[in-house]
Protein chains: 2
Amino acid sequence: METVSRYSRNREAIQEYLLGTKEHPTADVVYHALKAKNPSVSLGTVYRNLNQLAEQGRILKLSMDDGSEHFDGNPLPHHHFTCRMCGRVLDLDLDPDILKDLNDAASADFNGVIEGHSIYFYGLCSLCKK
Amino acid sequence: METVSRYSRNREAIQEYLLGTKEHPTADVVYHALKAKNPSVSLGTVYRNLNQLAEQGRILKLSMDDGSEHFDGNPLPHHHFTCRMCGRVLDLDLDPDILKDLNDAASADFNGVIEGHSIYFYGLCSLCKK
DNA sequence: GTGCTAATAGGAACTGTTATTATTATGCCA
DNA sequence: TGGCATAATAATAACAGTTCCTATTAGCAC
C-alpha cells in the first residue's frame with residue numbers, strides 16, 4: 001500500500017508550523033493554527049498529514065500519560081517532560097551514555113529484542129514550581 | 001471531594017483478576033473477563049473501579065505509545081515492554097542504579113522539579129523475533 | 001493542454017471513556 | 001436487629017478524539 005506523496009500546501013504548512021514552535025501541540029491546536037491562515041482546512045486533513053509526517057519520520061508523535069497525543073517538529077531522538085500542574089510539554093536532553101546503559105540494562109535478562117524506548121519525565125516546570 | 005470507599009464485590013473481582021494474570025489487559029478485556037462470571041457488570045463500573053484502584057495506587061495504569069490504556073495488577077514501580085508485532089505488554093525489571101542515574105541526568109540542566117518518569121521499551125518479544 | 005491519481009473539505013461514523021440517573025447494597029448507629 | 005445515609009451499581013446517554021467516506025480539486029507526467 002505504498003503511496004507516492006505529492007506536494008501539498010497543507011502538509012508543508014503543518015510541518016512549518018511545528019518547526020516554528022517550541023511547544024508540542026495537539027492535533028487540535030495545529031488545526032486551529034492552520035485555520036487562522038486558511039479557514040478552509042479540515043480537521044481530517046490535519047490528522048492525515050500529521051500521521052503521514054510522523055510515519056515518514058519527519059515529525060514525532062508523543063503519546064502522553066494522560067492519553068492525549070502531542071506532536072513535535074523535531075524528529076531527532078530526544079526526551080520530554082510534562083508538567084503535572086500546567087500540562088506543558090518541554091524538551092529535555094539526556095546524556096547519550098545513560099541511554100546506552102539503559103538499553104543494555106533492559107536487554108540483560110530479556111528474551112526478545114529491544115529496539116528502543118520512550119521516556120516521559122514528569123514533575124513541575126520552572127514556572128509552576130513557585 | 002474525598003469519598004470513603006466501601007466494599008464492592010466488583011472492585012474486588014477486578015483487582016483479583018489483575019493480580020491473577022501476568023498480562024496487562026485493557027479496560028475492555030477486564031470487562032469481558034468479569035462479564036463471564038457475572039453477566040450483569042457494566043462497562044462503566046469497570047472503568048470507574050480501574051481508575052479508582054489506580055488513583056489509590058493499588059494498580060497501575062499504563063498509557064501505551066499507540067494511545068491505548070492497559071492496567072497492571074502490580075503497583076510496585078517497574079517497567080514495560082511492548083512487542084511491535086503482537087502488541088503484548090510484558091514486565092521488564094531494571095537495575096535501580098540506572099534509574100537513579102537517569103533522573104539525575106534529566107535534572108542536570110532542567111529548571112523545574114523532576115518527580116519521576118515512565119519508560120516504555122519496544123521491539124520484538126521472544127515469540128515474535130523468530 | 002489531457003489524464004491519472006494524490007490531496008482536500010466536509011461531514012458521517014466509530015472508539016474509548018466519562019457522566020447521568022434510577023436503583024441496589026453497604027455499613028454505621030440506635 | 002432495623003433504619004438510614006450514601007457508596008456502588010447497571011444501563012444508557014453524552015462526549016472527545018480520531019478515522020473513514022465521498023465528491024471535488026489540484027499536482028504532475030506526458
Side-chain angles (χ1 to χ4, degrees), chain A residues 1-18 23-56 58-72 82 87 89, chain B residues 1-18 23-56 58-72 82 87 89:
Chain A
M1 224 15 119
E2 274 300 294
T3 52
V4 181
S5 86
R6 306 186 163 155
Y7 175 82
S8 137
R9 179 179 304 273
N10 283 333
R11 187 159 49 246
E12 182 119 328
I14 287 171
Q15 188 164 21
E16 244 170 49
Y17 174 73
L18 284 178
E23 302 297 315
H24 300 70
T26 58
D28 199 58
V29 170
V30 175
Y31 169 59
H32 284 102
L34 255 72
K35 200 161 183 155
K37 296 205 168 182
N38 170 12
S40 75
V41 286
S42 128
L43 185 55
T45 297
V46 173
Y47 273 105
R48 183 165 26 73
N49 284 303
L50 283 172
N51 285 325
Q52 191 174 312
L53 288 168
E55 264 169 40
Q56 293 171 359
R58 295 168 62 192
I59 64 174
L60 288 183
K61 186 175 182 176
L62 311 175
S63 297
M64 310 313 297
D65 254 7
D66 67 358
S68 62
E69 310 267 24
H70 292 242
F71 295 86
D72 187 335
T82 310
V89 179
Chain B
M1 223 22 116
E2 275 300 295
T3 53
V4 181
S5 86
R6 312 187 157 153
Y7 175 81
S8 138
R9 180 178 304 273
N10 283 332
R11 185 157 53 245
E12 184 119 328
I14 288 171
Q15 188 165 21
E16 246 169 47
Y17 174 74
L18 284 179
E23 302 298 315
H24 301 68
T26 58
D28 199 58
V29 170
V30 175
Y31 169 58
H32 283 102
L34 254 72
K35 200 163 183 150
K37 298 205 167 184
N38 170 13
S40 75
V41 287
S42 132
L43 185 55
T45 297
V46 173
Y47 275 105
R48 183 164 26 72
N49 284 303
L50 283 171
N51 285 326
Q52 193 173 315
L53 287 167
E55 265 170 39
Q56 293 171 359
R58 295 167 62 191
I59 65 175
L60 288 184
K61 187 175 183 176
L62 311 174
S63 297
M64 311 312 299
D65 254 8
D66 66 359
S68 63
E69 309 266 24
H70 293 243
F71 294 87
D72 186 335
T82 309
V89 179

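Keep in mind the model is a prediction, meaning the values are calculated, not measured. Letters go in sequence order (proteins before strands), and every chain restarts at 1.
- Regarding Met64(B), its CE atom lies at a distance of 16 Å from the P atom of dG16(C), rounded to whole Å.
- In terms of phosphate contacts, Ser5(B) brings no side-chain nitrogen or oxygen within less than 4.0 Å of OP1 or OP2 of dA7(D).
- Place Pro39(A) and Gln52(A) on DNA chain C by their nearest nucleotides, and Gln52(A) ends up nearer the 5' end.
- Between the C1' atom of dT18(C) and the CD atom of Glu55(B) lies a distance of 13 Å, rounded to the nearest Å.
- Using a 4.0 Å cut-off, no side-chain N or O of Ser8(B) falls inside it from OP1 or OP2 of dA7(D).
- Rounded to an integer number of Å, the gap from Arg11(B) CZ to dT26(C) P is 12 Å.
- Put simply, Thr45(A) has a side-chain N or O that comes within less than 4.0 Å of OP1 or OP2 on dA9(C).
- The OH-P distance, from Tyr31(B) to dT17(C), rounds to 14 Å in whole Å.
- For the OP1/OP2 pair of dT9(D) and a distance below 4.0 Å, the side-chain nitrogens and oxygens of Asn38(B) include no atom meeting the criterion.
- A search for side-chain contact (heavy atoms from CB on, under 4.5 Å) contacts involving Ala13(A) returns Leu34(A), not counting sequence neighbours.
- Shown here for Asn51(B) and Lys61(B), the closest heavy-atom pair between the two residues is OD1-NZ, 2.9 Å.
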*Just by protein heavy atoms under 4.0 Å, how would nucleotides 16-30 of chain D read 5' to 3' in B, S and -?*
-SBB------BBS--
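- Between Met64(A) and Thr82(A) the shortest side-chain heavy-atom distance falls below 4.5 Å.
- In this structure, the CG atom of Leu62(B) is 17 Å from the P atom of dG16(C), given to the nearest Å.
- Within the 4.5 Å cutoff, the side chain of Leu50(A) has no heavy atoms near those of the Tyr31(A) side chain.
- An OP1 or OP2 oxygen of dA9(C) is reached within less than 4.0 angstrom by a side-chain nitrogen or oxygen of Asn10(A).
- For Ile14(B) and dA8(D), the CD1 to P distance is 12 Å, given to the nearest whole Å.
- When all heavy atoms are compared, the tightest approach of Val46(A) to Ala27(A) is CG1-O, 3.7 Å.
- Counting heavy atoms from C-beta outward, Lys35(B) and Ser40(B) have side chains that stay 4.5 Å or more apart.
- The shortest side-chain heavy-atom distance between Phe71(B) and Leu18(B) falls under the 4.5 Å cut-off.
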